[in-house]
Amino acid sequence: MTADVGKVGYLWELNGAKERLELWKADLMVEGSFDEAVRGVDGVFHTVSPVLVP
């Protein structure tokens, strides 16, 4: 697990999370930052998107 658990620590309380959940931190603005997190997986829930304000 490489994610900052401060904001998402509550996810560990989900049923089965301790056995099956992996949390990763990546940056949409950095090419390749998702590579390790998605290697060998069958599915991904991507729940955020950048908001760029000029």
Side-chain angles (χ1 to χ4, degrees):
M1 174 185 64
T2 61
D4 175 11
V5 296
K7 294 182 181 180
V8 296
Y10 67 93
L11 293 172
W12 292 113
E13 301 304 318
L14 294 171
N15 193 18
K18 289 176 180 63
E19 297 81 24
R20 300 179 304 191
L21 180 65
E22 289 186 40
L23 301 175
W24 293 81
K25 183 175 182 179
D27 186 336
L28 284 172
M29 305 306 288
V30 177
E31 185 174 340
S33 70
F34 285 86
D35 292 353
E36 186 178 350
V38 298
R39 186 171 291 121
V41 302
D42 294 323
V44 173
F45 287 97
H46 182 263
T47 59
V48 297
S49 183
V51 176
L52 303 175
V53 179

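In what follows, every heavy atom counts, from backbone to side chain, and hydrogens, waters and symmetry copies are set aside.
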Apart from Val30 itself, its cluster of hydrophobic side chains linked below 4.5 Å comprises none

What one should report as the nearest heavy-atom pair of Ala26 and Ser33 is CB-O, 3.5 Å

Item to check | ILVMFWY network linking Val44 to Phe34, side-chain heavy atoms under 4.5 angstrom | outcome: no

With sequence neighbours left out, the residues meeting side-chain contact (heavy atoms from CB on, under 4.5 Å) with Asn15 are none

side-chain contact (heavy atoms from CB on, under 4.5 Å) filter on Ala37, not counting sequence neighbours, yields Trp24

Is any side-chain heavy atom of Leu52 closer than 4.5 Å to one of Met29?
yes

Hits for side-chain contact (heavy atoms from CB on, under 4.5 Å) against Arg39, two or more places apart or cross-chain, chain-then-number order -> Asp35, Glu36

Here the pair of heavy atoms bringing Trp12 nearest to Leu21 is CH2-O, 3.4 Å

